[in-house]
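Below: one structure, written as structure tokens.
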Protein chains: 2
Amino acid sequence: MASSTEENYLKALYNLSNGQGEVNISDLANGLKVSMPTANSMVKSLQKSDWVIYEKYKPVILTPKGQKEAALIVRKHRLTEMFLVKKMGFGWEEVHEVAEQIEHIHSPKFFDRMDEMLGYPTIDPHGSPIPDNQGRMKEFSYTPLSACKPGQEVQLTALTNSSAEFLEFLNSRKLSLGVHLKVISREAYDQSIVVSYPDHPIETLSEKASERLLVRILE
Amino acid sequence: MASSTEENYLKALYNLSNGQGEVNISDLANGLKVSMPTANSMVKSLQKSDWVIYEKYKPVILTPKGQKEAALIVRKHRLTEMFLVKKMGFGWEEVHEVAEQIEHIHSPKFFDRMDEMLGYPTIDPHGSPIPDNQGRMKEFSYTPLSACKPGQEVQLTALTNSSAEFLEFLNSRKLSLGVHLKVISREAYDQSIVVSYPDHPIETLSEKASERLLVRILE
DNA sequence: CAAATTTGTTAGATTGTTCTAACTTATTAC
DNA sequence: GTAATAAGTTAGAACAATCTAACAAATTTG
Ligand SMILES: [Mn+2]
Ligand SMILES: [Mn+2]
Ligand SMILES: [Mn+2]
Ligand SMILES: [Mn+2]
């Protein structure tokens, strides 16, 4: 059974995996805020338990076993976040840290009951998909708001970044998932985007912010 | 800040403390299922952080700081058990193991919200008192059923042992906290006690079981 | 391509938590 | 009150997870 530390490494590898499912040691070390030798030695030990495939100087690859294990931890993390928001009155900006701890609890029943109480949700409070209990995750393809054209009407559906600072920024603009936005215009100068939505007839969003907002185009 | 391991030691010391608040190394080792040298070395390190007072060959004593820390972990444990039973549909025999993990979560809000959702309970699902948020715990003085006389009417109020096996035994007899019992008789031979309660006109409880049932005498 | 830079590895140390074996002190039994 | 037993300690080792310093390989740059 994976330790909490190992679980955090598996999750980081899962989240950092690109199209090829490869992760560089330096990206892994960076993501977990450990030194490269630490990441290197952990990867070697994950290999011994068949969680990853690894060869010197090559990027790390999760095995199918490692992928499933990682996805199930992501599942526990996201179910927890949803539970905290929907059932315990947490704000979406407050849940990540706690979920980072609760995801390591070993108790199938605890998470199954959360799932049931939540009505089997498929996304977490930040719009990220929740893997099913077999570790399968549906991939959604949303459009960043930064890629939208003036005149388009869209619905805010997910975020590419869920840092507390960004979530608090969204709170301050009353932007939450599900909100309908109309793209008014776009500044050629700095790529900022002007949108309109209920109670906010004109709101300007920087390129940085609009890249992080994923939307579903309406009609 | 105490590690999960240290927290478990503090909690064990708290629960094993007798009238004098003293705990032998061997009782501590036994309680935590570690070797005596392990308990010994941990106690030395707890002493460095001022959680305990310790001198070679003397029993361990929690400092006021250690007592408060321990009581707050017991609080998290018991609030969690109550939450799992009252809000998440767990049986009272299923909660201890999970609570043993969840008690180490660092998030005041998480436990404050549980407390609030539960209406600020003072006892856990097994009748044990929940320390308040300052680490103060009310001591109740209940009578073991084994000390009751025939003819007495009592209410089942708490347990001195909450092992899953004992709780399942109680489930099988439909004995839960709050049940009103009438003591019918007592066997001089083996100290077993015959009781009567709703839907169970005659039920015999061994001395072992009746010692573990704490009751409040009615009238 | 050779030099500079980035990325990755090895070696060696540290801290936390655990163990067994051997020894010492304290307590109990006779 | 000695002898046997129980309780407690020390020494030494192991494993997990981390670090820094030094070195090596791979990649990028001019
Ligand atoms: Mn999160
Ligand atoms: Mn985590
Ligand atoms: Mn318990
Ligand atoms: Mn615990």
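Below, all heavy atoms of this structure are taken into account, side chains as well, without hydrogens, waters or symmetry copies. These figures come from a predicted structure and were not determined experimentally.
S26(A) comes within 4.0 angstrom of the backbone, heavy atoms only, and of no base. Counting any heavy atom pair closer than 4.0 Å across all strands shown, S41(B) reaches a base atom. Within 4.0 Å of K58(B), counting heavy atoms only, lies no atom of the nucleic acid at all.
When the side-chain nitrogen and oxygen atoms of K56(B) are compared with OP1 and OP2 of dT10(D), one or more of them lie within a distance under 4.0 Å. Between S3(A) and dA17(D) there is a side-chain polar atom (N or O) within less than 4.0 angstrom of OP1 or OP2. For the OP1/OP2 pair of dT18(D) and a distance below 4.0 Å, the side-chain nitrogens and oxygens of S35(A) include no atom meeting the criterion. Put simply, K33(B) has no side-chain N or O that comes within less than 4.0 Å of OP1 or OP2 on dT18(C). Here T5(A) does not reach the OP1 or OP2 of dA16(D): none of its side-chain N or O atoms lies under 4.0 Å away. For the OP1/OP2 pair of dA6(D) and a distance below 4.0 Å, the side-chain nitrogens and oxygens of Y57(B) include no atom meeting the criterion. Of the side-chain N and O atoms in Y9(A), none sit less than 4.0 angstrom from OP1 or OP2 of dA16(D). Not one side-chain nitrogen or oxygen of T38(A) sits closer than 4.0 Å to the OP1 or OP2 atom of dA17(D).
Spacing between atom CG of L28(B) and atom C1' of dT17(C) amounts to 14 Å, rounded to whole angstrom units. In this structure, K44(A) places its NZ atom 10 Å from C1' of dG8(C), rounding to the nearest Å. Rounded to a whole Å, the CE atom of M42(B) is 12 Å from the C1' atom of dT15(C). In this structure, N40(A) places its CG atom 18 Å from P of dA21(D), rounding to the nearest Å. Look at CG on N8(B): it is 17 Å from P on dG16(C), rounded to the nearest Å. The nearest whole Å value for the distance from the CG atom in N24(A) to the C1' atom in dG8(C) is 10 Å. Rounded to whole angstrom, the span from the CD atom of E55(A) across to the C1' atom of dT7(C) amounts to 17 Å. In this structure, M36(B) places its CE atom 14 Å from P of dA21(C), rounding to the nearest Å.
Shown are T80(A), L84(A), D124(A), I102(A); of these, the side-chain contact (heavy atoms from CB on, under 4.5 Å) with V95(A) is made only by L84(A).
For the pair H96(A)/H77(A), a side-chain contact is recorded, criterion being any heavy-atom separation below 4.5 Å from C-beta on. Using a 4.5 Å heavy-atom threshold, the side chains of Q134(A) and K68(A) count as touching.
Among the nucleotides dA11(C), dG8(D), dT20(C), the one closest to any side-chain atom of P37(A) is dA11(C).
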Could you walk me through whether W92(B) and N171(B) pass the side-chain hydrogen bond (donor to acceptor under 3.5 Å, both in side chains) test, one step at a time? CA-CA 9 Å; W92(B) 67 348; N171(B) 284 346; 2.9 Å; yes
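Other residues, nucleotides and ligands contribute at most 12 non-hydrogen atoms within 6.0 Å of the CD atom of E97(B).
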